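As the structure is a prediction and not an experimental result, all values here were calculated from the model.
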Amino acid sequence: MKTSSNSVSTLAAPASAPAEAKNPIQVVERMMKLLDVLALHPDPAPLKQIALETGLHPSTAHRILGAMAQSGFVERGDGGTYRLGIRLLELGSLVKSRISLRETAMPAMLKLHAATGESVNLGIRDGDEIVYVERTSSGRSAVRVVHIVGARAPLHTTATGKLFLAELGQDRIRDYARRTGLPASTPASITEIASLEKELDKVRRHSVAFDLDEVENGVRCIAAAVRDDSGELIAGLSVSTPSERFNPDRAPLVREAADEISRSLGYVKRSAR
């Protein structure tokens with residue numbers, strides 16, 4: 001009987017070990033949950049609130065937060081409060097420095113190209129112009145649209161340029177109009193400030209911009225915004241087509257592709273409250 005008792009005692013011992021020691025994956029999952037909750041709090045949060053929002057027992061949350069604080073992922077404040085640590089900023093800056101916009105955008109651009117069969121362009125703002133920094137050319141029929149990498153066009157005539165102008169306040173838009181004179185590239189180009197402001201209002205409402213033969217006769221574009229981790233507009237993704245093949249119903253596809261690139265750059269869209 002004594003031997004049997006010792007055997008039972010030996011088998012029972014592991015059951016008393018902390019769950020973290022038995023299941024490292026669960027610990028990692030809990031760490032991620034704690035980080036997500038702390039990210040929602042601009043100010044240091046008390047342990048009780050953190051435990052409540054993560055669904056963890058306070059002692060478990062306290063133990064994991066203590067380990068994270070030692071590594072700099074979390075900072076412990078007065079009164080048992082916690083907030084995200086400086087180590088996350090260091091790692092985030094490192095990741096950001098290694099991200100290339102063009103390389104990050106290419107998979108989504110190729111996917112959009114495959115879905116539409118049309119030219120896909122990536123443009124950035126340089127002063128009062130859009131500069132095309134990457135493209136995929138259309139392989140459809142003999143009627144093709146080719147935007148040469150490095151080519152430039154005025155902001156107000158391009159779909160991507162309208163995205164950047166739509167980010168500005170009224171005063172800065174009018175400054176742009178006065179500074180450039182809103183020159184026309186084609187008869188369809190917008191050359192009046194009132195018309196431009198009306199057009200930019202549509203861009204803001206629909207989160208997509210159009211160029212309808214405004215840069216080049218017979219060429220139309222749809223563009224959507226690409227944003228970085230801070231939410232800043234850094235580029236426009238556009239699909240260019242000959243006018244006879246233009247289909248405005250492709251706008252959701254362009255938005256989805258631009259959103260995919262933005263997410264890859266670290267952008268997290270905030271839900272409306």
Side-chain angles (χ1 to χ4, degrees), residues 9-111 122 124 133-134 167 224-235 237 255-273:
S9 177
T10 301
L11 292 172
S16 63
E20 288 83 349
K22 292 195 302 178
N23 192 344
I25 293 178
Q26 187 180 59
V27 177
V28 173
E29 291 175 346
R30 290 173 173 177
M31 289 174 63
M32 296 301 101
K33 188 179 293 185
L34 286 164
L35 290 174
D36 286 339
V37 166
L38 288 174
L40 298 175
H41 290 270
D43 299 317
L47 175 63
K48 184 176 181 181
Q49 182 68 25
I50 296 170
L52 179 65
E53 293 183 22
T54 57
L56 297 175
H57 191 278
S59 63
T60 299
H62 180 266
R63 182 164 54 250
I64 298 175
L65 287 168
M68 294 169 72
Q70 290 181 358
S71 301
F73 290 100
V74 166
E75 290 182 5
R76 185 162 32 201
D78 297 334
T81 60
Y82 296 86
R83 65 179 181 181
L84 296 179
I86 195 69
R87 181 61 177 154
L88 292 172
L89 178 61
E90 294 171 350
L91 293 176
S93 297
L94 181 61
V95 171
K96 185 176 180 180
S97 69
R98 293 176 177 175
I99 292 176
S100 164
L101 171 61
R102 293 168 66 182
E103 291 177 2
T104 302
M106 187 50 69
M109 291 178 68
L110 291 174
K111 189 187 302 183
L122 186 69
I124 63 173
V133 296
E134 194 58 90
E167 295 279 295
V226 173
R227 299 183 184 277
D228 66 10
D229 60 317
S230 69
E232 181 181 354
L233 173 63
I234 60 169
L237 182 73
R255 278 197 301 261
E256 289 169 11
D259 288 346
E260 181 180 337
I261 299 170
S262 298
R263 287 193 296 271
S264 297
L265 293 169
Y267 174 62
V268 178
K269 188 174 182 178
R270 304 297 181 186
S271 57
R273 292 188 176 184

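- With rounding to the nearest 0.5 angstrom, the CE atom of Met31 is 7.0 Å from the OG atom of Ser71.
- If you take CG on Leu265 and CZ on Arg263, they are separated by 11.0 Å, rounding to the nearest 0.5 Å.
- For the pair Tyr82/Gln49, no side-chain contact is recorded, criterion being any heavy-atom separation below 4.5 Å from C-beta on.
- Note that the CD atom of Glu134 and the OG1 atom of Thr104 stand 11.5 Å from one another [nearest 0.5 Å].
- You'll find the side chain of Asp229 stays beyond 4.5 Å of the side chain of Tyr267, heavy atoms only.
- Applying the side-chain hydrogen bond (donor to acceptor under 3.5 Å, both in side chains) test to residues at least two apart or on different chains, the pairs with a partner in residues 31-45 are His41-Glu53.
- The two residues Ala45 and Ile50 make their nearest non-hydrogen contact at O-CD1, 3.5 Å.
- Side chains of Leu122 and Leu101 form a contact here, defined as non-hydrogen atoms less than 4.5 Å apart.
- Put simply, CZ on Arg63 and CG on Leu56 are 10.0 Å apart, with the number rounded to the nearest 0.5 Å.
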Hey, mind stepping through Leu35 and Met68 against side-chain contact (heavy atoms from CB on, under 4.5 Å) and telling me if it holds?
CA-CA 10 Å; Leu35 290 174; Met68 294 169 72; 3.4 Å; yes

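- Residue Leu233 holds its CG atom at 11.0 Å from CD1 of Ile124, rounded to the nearest 0.5 Å.
- Under the salt bridge (Lys or Arg N to Asp or Glu O under 4.0 Å) criterion, Glu75 pairs with Arg83, not counting sequence neighbours.
- Counting only heavy atoms from C-beta outward, the side chains of Leu47 and Leu65 approach each other to under 4.5 Å.
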Check against side-chain contact (heavy atoms from CB on, under 4.5 Å), His57 and His62:
CA-CA 9 Å; His57 191 278; His62 180 266; over 6 Å; no

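- A salt bridge links Arg87 with Glu90; the closest basic N to acidic carboxylate O contact falls under 4.0 Å.
- In terms of heavy atoms, Ala51 sits closest to Ala61 at CB-CB, 4.4 Å.
- Closest approach of Ala258 to Ala225, counting heavy atoms only: CB-O, 3.3 Å.
- Applying the side chain to side chain donor-acceptor pair (under 3.5 Å) rule to Glu167 yields the partners Arg227; only residues at least two apart in sequence or on another chain are considered.
- Atom CG of residue Leu84 and atom CG of residue Leu40 lie 9.5 Å apart, to the nearest 0.5 angstrom.
- Considering all non-hydrogen atoms of both residues, Val133 and Arg102 come closest at O-NE, 3.1 Å.
- Proximity of Val226 to Asp259: side-chain heavy atoms (C-beta onward) are nowhere separated by under 4.5 Å.
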Working for side-chain contact (heavy atoms from CB on, under 4.5 Å), residues Thr81 and Arg76:
CA-CA 6 Å; Thr81 60; Arg76 185 162 32 201; over 6 Å; no

